[in-house]
Amino acid sequence: MMSGVNSAFSTGKGKSQQSLNKIVHGFHLVKGKSTHPMEDYHVAEFKKIRGHELGLYAIFDGHLGDNVASYLQKNLFQSILSEDEFWSEPCRAIVKAYDKTDKAILGNTPELGPGGSTAVTAILIDGKKLLVANVGDSRAVLCRNGRAIQLSVDHEPGTSTERGSIETRGGFVSNLPGDVPRVDGQLAVSRAFGDKNLKLHLRSDPDIREVDIDSGTEILILASDGLWKVMENQEVVDFVRKTKDPQVAAKQLAAEALNRESKDDISCIVVSFR
């Protein structure tokens, strides 16, 4: 099952069709308390390709509008899976697809507008291998034997590595009192798709993590920063482990983030391996 409808409220679930895999996922999206329209999109589906079952999961968190996030929801996985190298060198294929997709977005600015989007994507191959890639601050966290393991990298302008990259490209990072560090005083992430006006100083190449799914692997959680701003990784894992139904867990996570006064849009995908 896949859903990417941009609405104030979206929820659903799906499960693996392979008899050996007892993998179930649930998702829940809710608009935050900010004044702008909902800008999050997601993908959550199982797909059969070349005799393999792929679990495809993603959170796309748009800014300055939702056009780029919507474009990513429709096109990014298609671009990744169309790369001939995906089955032999999947990490290389993901990097190439991220780059091609960003170039396509920048080439369609008259249609898509000047905005951008972060992305965290996860590809589960036959329930055995997981590939996680991201640009921006949406995050993927794995629970293994009860312990939270962050699989993505938060691309924040204030870190030394990201600041160095921005400054090398001719940009600057503002750090005003009461505000978060921002690229050229504007964007609070150092990597993103789109953002044509800032692209000279931004990167869109992903960090990638490849992990094996073993008997200790319990849960995968993907979420936009609307969740991670108010909850820590281990806290989220402990929270989700209390609920058997991943859709219910995703709903409860979003509700908890709202209770903690998260003002951003909140999107959660919970994948259960048990």
Side-chain angles (χ1 to χ4, degrees), residues 4 25 27 29 39-44 54-63 68-73 75-81 83 86 90-102 105 115-125 129-143 148-159 161-163 165-166 180-181 183 187-195 198-199 202-211 219-229 231-233 236-237 264-271:
H25 65 249
F27 58 87
L29 288 77
E39 294 177 330
D40 283 8
Y41 279 78
H42 76 291
V43 173
L54 302 182
L56 304 178
Y57 304 105
I59 298 290
F60 305 116
D61 184 355
H63 44 265
V68 173
S70 174
Y71 182 92
L72 291 168
Q73 186 267 332
N75 294 283
L76 184 55
F77 279 123
Q78 180 179 342
S79 180
I80 293 171
L81 298 177
E83 291 288 339
F86 176 75
C91 293
R92 180 179 174 85
I94 291 169
V95 169
K96 288 175 67 175
Y98 266 59
D99 181 58
K100 288 180 180 179
T101 302
D102 189 49
I105 290 168
S117 178
T118 67
V120 58
T121 59
I123 301 176
L124 179 64
I125 303 175
K129 187 177 293 292
L130 182 68
L131 297 159
V132 171
N134 83 293
V135 294
D137 56 2
S138 290
R139 189 182 298 172
V141 172
L142 190 73
C143 171
I149 304 169
Q150 184 169 326
L151 300 182
S152 57
V153 176
D154 294 342
H155 296 133
E156 298 174 338
T159 64
T161 301
E162 298 299 301
R163 179 189 290 269
S165 173
I166 293 162
V180 296
V183 179
L187 189 63
V189 291
S190 54
R191 302 192 199 186
F193 287 97
D195 291 298
L198 293 173
K199 185 53 66 173
L202 287 178
R203 294 166 59 180
S204 60
D205 54 305
D207 275 292
I208 302 176
R209 183 87 173 264
E210 183 175 347
V211 297
I219 303 163
L220 173 68
I221 301 152
L222 275 68
S224 59
D225 64 324
L227 175 69
W228 306 114
K229 284 177 179 176
M231 296 184 75
E232 299 294 332
N233 293 348
V236 168
V237 162
D264 206 348
D265 299 333
I266 303 159
S267 302
C268 306
I269 298 172
V270 177
V271 183

* What do the steps show when you test Val236 against Val141 for side-chain contact (heavy atoms from CB on, under 4.5 Å), and what is the final call? -> CA-CA 9 Å; Val236 168; Val141 172; over 6 Å; no

Would Ile149 and Val211 satisfy side-chain contact (heavy atoms from CB on, under 4.5 Å), going step by step from the backbone distance to the final call?
CA-CA 11 Å; Ile149 304 169; Val211 297; over 6 Å; no

**Request:** For salt bridge (Lys or Arg N to Asp or Glu O under 4.0 Å), just list the numbers for Glu162 and Arg191, CA-CA rounded to whole Å, side-chain angles, deciding distance to a tenth of an Å, and then say yes or no.
**Result:** CA-CA 9 Å; Glu162 298 299 301; Arg191 302 192 199 186; 2.9 Å; yes

Chi angles and distances behind the side-chain contact (heavy atoms from CB on, under 4.5 Å) call for Leu222, Ser138: CA-CA 7 Å; Leu222 275 68; Ser138 290; over 6 Å; no

Review point. Run the side-chain contact (heavy atoms from CB on, under 4.5 Å) check on Tyr41 and Leu72 step by step: do they pass?
Key: CA-CA 8 Å; Tyr41 279 78; Leu72 291 168; over 6 Å; no

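With hydrogens and angles disregarded, a donor-acceptor distance shorter than 3.5 Å links the side chain of Ser190 to the backbone of His155. Panel note: side chain Asn134, backbone Val153; a donor-acceptor pair is recorded below 3.5 Å.
In this structure, CD1 in Ile266 is found 10.0 Å from CG in Leu29, a value given to the nearest 0.5 Å. Taken from CD in Gln150 to CD in Glu232, the straight-line distance is 10.0 Å, to the nearest 0.5 Å. Taken to the nearest 0.5 Å, the CD1 atom of Ile94 stands 11.5 Å off from the OG1 atom of Thr101. To the nearest 0.5 Å, atoms CG (Leu198) and CG (Leu187) are separated by 6.0 Å. One finds the CG atom of Asp154 at 10.0 Å from the CG atom of Asp207 (value rounded to the nearest 0.5 Å). Ser267 OG to Asp225 CG: the interatomic distance, rounded to the nearest 0.5 Å, is 9.5 Å.
Between Asp195 and Ser117, the shortest heavy-atom contact is OD2-N, 4.3 Å. Listed here is the closest heavy atom pair of Glu39 and Ala69: O-CB, 3.7 Å. Across Pro90 and Leu131, no two heavy atoms sit closer than the pair CB-CD1, 3.5 Å. Taking both residues in full, the closest heavy atoms of Val135 and Asp205 are given as CG1-O, 3.6 Å, listed atom of the first, atom of the second, then distance. Shown here for Pro181 and Pro157, the closest heavy-atom pair between the two residues is O-CG, 3.7 Å. Considering all non-hydrogen atoms of both residues, Ile80 and Ala93 come closest at O-CB, 4.5 Å.
Counting heavy atoms from C-beta on, the side chains of Ile208 and Val95 come closer than 4.5 Å. When side chains are defined from C-beta on, Phe193 counts as touching Leu76, because their heavy atoms get closer than 4.5 Å. With contacts defined as side-chain heavy-atom distances shorter than 4.5 Å, the pair Leu56/Leu81 qualifies. Between Thr121 and Ile123 the shortest side-chain heavy-atom distance does not fall below 4.5 Å.
No side-chain N or O of Asp61 forms a donor-acceptor pair with one of Ser224 less than 3.5 Å apart.
When each of Tyr57, Phe77, Phe27, Phe60 is checked for a ring-ring contact (aromatic ring centres under 6.0 Å, His included) with His42, only Phe27 meets the rule.
Qualifying salt bridge (charged side-chain N to carboxylate O under 4.0 Å, His left out) partners for Lys199, counting only residues two or more places apart in sequence or in other chains: Asp102.
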